[in-house]
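Have a look at the structure below, then the notes.
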Amino acid sequence: MKFSNLLIPTLKEAPNDATLPSHIYLIRGGFIQGVGSGLYNFLPLGKMVLDRVKNVVKEELDNAGAQEVSLGFVTPASLWVESGRFEKYGKELLRFKDRKENDFVLGPTHEEMMVNLVKQTVKSYKQLPLNLYQINLKFRDEIRPRFGLMRGREFLMKDGYSFHANEEDMKREFALMEETYKRIFTRLGLDFRVVEADSGAIGGTGSKEFMVLADSGEDTIVVCKNCKYGANIEAAKSMPYVCKDEPPVAAFAKFSTPNIKTIDELSSFFKVNPYYIIKTVAKKALYDEGKEEIVLFFLRGSDELQETKALNSLNANDLIDINSDELEQIGLEAGFLGPLNLPNNIKTVFDNSLNSATNMICGANEKDYHYVGVDLKLDKDTIIDDIISVKEGDKCIHCGGSLYYTKGIEVGHIFQLGTRYSEPLRAEFLDENGKSKPFVMGTYGIGVSRLLAAIIEQHHDEKGCIWTKESSPFDICVIVSNIKDEKQSEIAFKIYNGLKEKNINALIDDRNERFGFKMKDYELIGIPYAVIIGKKVEEGIVELISRDGQVAREVNISNIIEMVADIV
RNA sequence: CGGAGUGUAGCGCAGUCUGGUAGCGCACCUGGUUUGGGACCAGGGGGUCGAAGGUUCGAGUCCUUUCACUCCGACCA
């Protein structure tokens, strides 16, 4: 392609709302164009990269035996009501009515549609297993779209769904998809980790996320220094912590603690490790059909509440903060909350670490008083669960190694769904014995447009993008230093045509611009290699450079095509 | 949702306090000079000043309403 014919609107300045390198460079390089909050147009270069990435995904999935389909973007709401997600999915689901006042949703993911498709066409175990996927637009009305392609509202996603006669076969496919995903991200040149994850609104168990390691990642992941364990903070587990400090042994008593409210204040007031103080976190939990209730979460003062785990312990849809006024209305005193003497009908959840805890200090549910010498005896009806965050330095549950935090960009997520959708949607097949059974399912997602952002987050410098081999819009760029110099121009086109004959995807910068201008554009756009045709053509020499700065050498014109063919 | 802020040319911004001809840089068009690190000279095009209403002889500027976008927050018992 000739640069002069392509629409590549590079910019010197980025819109000031772009903060991440990927966002800035994708816009400045003329790959994408913002059109609204979380909405982007793909310009020619962006579309080329998107297609290349999409192609890697498609090739590997087809290789693994999956089949591509394309489902309708607009989904009748009735399917979502049946699966129970019309309520559960929350405000991210864009709902609207057609002219006949029927409800529809814009698909944020397509379990319902795919189950429906298979339900109508697959009747026998002989037709299983089946793995169907699509690479299509999705829409999620995010609370706060940001960071360009990283968290848009409209985005390109590959979503795959597998259908099996039994659990074992689903697990086999799940493992196959894990391997396939690893191949995809490796081909794209990404440094990533596979981690254990929370299943969120999709549901199911045993899910894994594929995290591209980058400081700008929105997810915190917990990684073991010693073994291969890695998990999203929302799902991470560690060995129970044992406090070395002495417990504050005391007889049970009410203690005056005027205006002593926070864990820090209590810790210095009683001169004890926060480990021995019960922290109480009050939240309002929201459920289906607008039901809500106030819930008190109890944990050790040395721990922090992990909201996703807390949410899962209740099976609620969302947790929101409440203020001290709302607490007072139900007879609770902020700053002096505790598990004893609570008004009736208050829902409580205890962290595992508090089960049978002794010699604790906690709020007395009365202004300016705490209890000391508290021994917790939790009855069977109480919810006791893991609701705390793993901290850096905690011990790994697998090997005892030290755990640390790092940041990741979630580019893939695979789930073992089981019969979470097939049962409510009554998607069944006949097994060998002629018995009707729900499909056992898996579901597998890849954020295709997000991958572009992830690649740039990991591969850029202060000058611009550095695309990886399988993601770059072109293999090489031929830069003509001075297009008006006939000799340079002639040689450049000769090389360009020679490259094309070898099926090398080359771009030639034939614009009537100064050398520096073209170099800046080349560096911003980030094609992995360039051949520069400059003054030394008179001596039969051109220059071969790599965008990442590893290679810069003078090459004889007669050798250049072979040399390029070798490296790209 | 809570808090803060911003809407003026394709992009980045000034002008708003104190009402009086719509500005600057980049980009774009024409001509010329230039051609190894975002050139220079000369000329030029482009604006319902987010939208609606009001005050005024006169509104980008003051008042009211509204829309859009951005940032921050969601660990406090």
Side-chain angles (χ1 to χ4, degrees), chain A residues 7 9-19 23-24 27-28 30 33-39 43 90-91 143-148 153 233 257 259-266 274 277-284 286 294-299 301-308 310 318-328 332-339 361-368 370 387-389 391 463-464 479-486 488-489 509 511-524 530 532-537 542-543 545 552 554:
Chain A
L7 179 63
T10 56
L11 300 168
K12 225 181 218 180
E13 286 174 290
N16 69 0
D17 57 316
T19 50
H23 191 184
I24 292 169
I27 287 186
R28 283 192 50 208
Q33 182 185 52
V35 286
S37 183
L39 304 172
L43 303 177
K91 286 186 184 149
I143 316 173
R144 246 187 93 186
R146 56 186 140 177
F147 304 144
R153 289 193 293 176
I233 185 86
T257 51
N259 217 25
I260 309 287
K261 294 181 172 183
T262 65
I263 295 293
D264 277 355
E265 286 163 2
L266 284 164
I277 302 170
I278 297 179
K279 182 192 275 192
T280 310
V281 181
K283 296 271 183 189
K284 191 187 285 173
L286 306 182
I294 288 180
V295 184
L296 297 182
F297 296 96
F298 298 108
L299 48 147
S302 49
D303 288 323
E304 287 185 351
L305 185 69
Q306 213 305 312
E307 267 205 42
T308 302
D318 201 6
L319 286 181
I320 55 174
D321 290 354
I322 56 177
N323 56 37
S324 49
D325 293 344
E326 287 174 89
L327 280 176
E328 270 170 36
L332 293 173
E333 190 64 46
F336 303 94
L337 295 174
I361 293 170
C362 68
N365 292 315
E366 184 180 333
K367 191 168 172 26
D368 294 341
H370 280 79
I387 56 169
I388 60 170
S389 287
K391 298 186 289 293
K463 292 170 176 168
I479 300 171
V480 194
S481 176
N482 180 1
I483 196 74
K484 290 209 173 149
D485 180 313
E486 277 174 30
Q488 285 185 24
S489 187
D509 192 344
R511 295 173 300 169
N512 181 21
E513 296 288 352
R514 296 167 70 87
F515 177 75
F517 186 88
K518 291 198 256 196
M519 282 305 288
K520 292 287 185 202
D521 268 355
Y522 165 73
E523 284 157 347
L524 182 57
I532 297 169
I533 288 89
K535 283 179 176 152
K536 287 201 173 166
V537 279
V542 294
E543 200 177 341
I545 62 167
E554 298 191 335

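Chain letters run A, B, ... following the sequence lines, proteins first, then strands; residues in each count from 1.
The gap from the C1' atom of B:rA27 to that of B:rC11 amounts to 8 Å, rounded to the nearest Å. Using atom P as the reference point in both B:rG43 and B:rU70, the two lie 41 Å apart (nearest Å). The P atoms of B:rA22 and B:rG60 are separated by 8 Å, rounded to the nearest whole Å. Here the separation of B:rC28 from B:rA68, taken at their P atoms, is 34 Å to the nearest Å. With C1' as the reference atom, B:rG2 and B:rG45 are 47 Å apart, rounded to whole Å.
The side-chain hydrogen bond (donor to acceptor under 3.5 Å, both in side chains) check on A:S489 picks up nothing, with sequence neighbours excluded. Judged as a ring-ring contact (aromatic ring centres under 6.0 Å, His included), and not counting sequence neighbours, the contacts of A:F336 are A:H370. By the ring-ring contact (aromatic ring centres under 6.0 Å, His included) test, A:F297 pairs with no residue at all, sequence neighbours left out. Contacts of A:E13 classified as side-chain hydrogen bond (donor to acceptor under 3.5 Å, both in side chains), with partners at least two apart in sequence or in another chain: none. In terms of the side-chain hydrogen bond (donor to acceptor under 3.5 Å, both in side chains) criterion, residue partners of A:Q33 (sequence neighbours excluded) are, by chain and number, A:N41.
When heavy atoms are screened at a 4.0 angstrom cut-off, A:S37 is found touching the sugar-phosphate backbone but no base atom. Nucleic acid contact class of A:D485 (heavy atoms, under 4.0 Å, all strands): none. Residue A:I263 is classed as a sugar-phosphate contact, given heavy-atom separations below 4.0 Å to backbone atoms only. Residue A:Q306 is in base contact, counting any heavy-atom pair closer than 4.0 Å across all strands shown. A:T262 comes within 4.0 angstrom of sugar-phosphate atoms only, judged by non-hydrogen atoms across all strands, and of no base. Residue contacts shown for A:R511 are absent, as no nucleic acid heavy atom lies under 4.0 Å away. Within 4.0 Å (heavy atoms only), A:K484 reaches at least one base atom of the nucleic acid. Among the protein residues, A:Q488 comes within range of no part of the nucleic acid, since none of its heavy atoms lies under 4.0 Å from any strand. The residue A:G363 sits apart from the nucleic acid: no heavy atom pair falls under 4.0 Å. Within the 4.0 angstrom heavy-atom criterion, base atoms lie near A:E523. Heavy atoms of A:I322 sit under 4.0 angstrom from at least one base atom. Residue-level contact check: A:K463 touches neither bases nor backbone, having no heavy atom under 4.0 Å from any strand.
The NE2 atom of A:H23 sits 12 Å away from the C1' atom of B:rC69 (whole-angstrom rounding). At whole-Å resolution of the value, NZ in A:K367 and C1' in B:rA77 are 12 Å apart. One atom, CD of A:E366, and another, P of B:rA77, lie 20 Å apart when rounded to the nearest Å. Residue A:K535 contributes atom NZ, which lies 4 Å from atom P of B:rG36 at whole-angstrom precision. Taking atom NZ of A:K520 as the reference point, atom P of B:rC26 lies 17 Å away to the nearest angstrom. Atom CD1 in A:I27 sits roughly 13 Å away from atom C1' in B:rC69 (whole-Å rounding). In this structure, the CZ atom of A:R514 is 7 Å from the P atom of B:rG38, given to the nearest Å. Nucleotide B:rG36 holds its P atom 12 Å from the CD1 atom of A:I532, rounded to whole Å.
Of the nucleotides present, B:rG32 is the one that pairs with B:rC40 by Watson-Crick or G-U wobble criteria, both distances under 3.5 Å. Pairing for B:rU48 is absent, with no Watson-Crick or G-U wobble pair whose two atom distances lie under 3.5 Å. With a cut-off of 3.5 Å on both pairing distances, B:rA77 has no Watson-Crick or G-U wobble partner at all. Within the shown strands, nothing qualifies as a pairing partner of B:rC17 under the Watson-Crick or G-U definition with both distances less than 3.5 Å. Of the nucleotides present, B:rC24 is the one that pairs with B:rG12 by Watson-Crick or G-U wobble criteria, both distances under 3.5 Å. Across all strands shown, B:rC67 is found opposite B:rG7 as a Watson-Crick or G-U wobble partner, with both distances under 3.5 Å. Pairing for B:rA59 is absent, judged as Watson-Crick or G-U wobble with the two contacts each under 3.5 Å.
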Which parts of nucleotides 1-15 of chain B does protein reach within less than 4.0 Å, heavy atoms only, written one letter per nucleotide 5' to 3' as B for base, S for sugar-phosphate only and - for none? ----------SSS--
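Counting heavy atoms from C-beta outward, A:N259 and A:E265 have side chains that stay 4.5 Å or more apart.
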Please assess A:L327 against A:L337 for the test side-chain contact (heavy atoms from CB on, under 4.5 Å), listing each intermediate value before the final yes or no. CA-CA 10 Å; A:L327 280 176; A:L337 295 174; 4.1 Å; yes
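The base of B:rG37 is not paired with the side chain of A:E513 by any donor and acceptor separated by under 3.5 Å. For A:N482 against B:rG36, no side-chain N or O and base N or O form a donor-acceptor pair under 3.5 Å. At a cut-off of 3.5 angstrom, counting only N and O atoms as typed in the model, there is no donor on one side facing an acceptor on the other between the side-chain of A:R146 and the base of B:rU70.
When the nucleotides B:rG36, B:rG38, B:rA77 are ranked by their closest atom to the side chain of A:A282, B:rA77 comes out on top.
Of all heavy-atom pairs spanning A:S481 and A:F515, the tightest one is OG-CD1, 3.7 Å. Between A:R28 and A:A14 the shortest heavy-atom distance is CG-CB, 3.7 Å. Across all their heavy atoms, A:L43 and A:G30 have their closest contact at CB-O, 3.5 Å.
For A:K261 and B:rA77, the shortest distance from a side-chain N or O to OP1 or OP2 is not below 4.0 Å.
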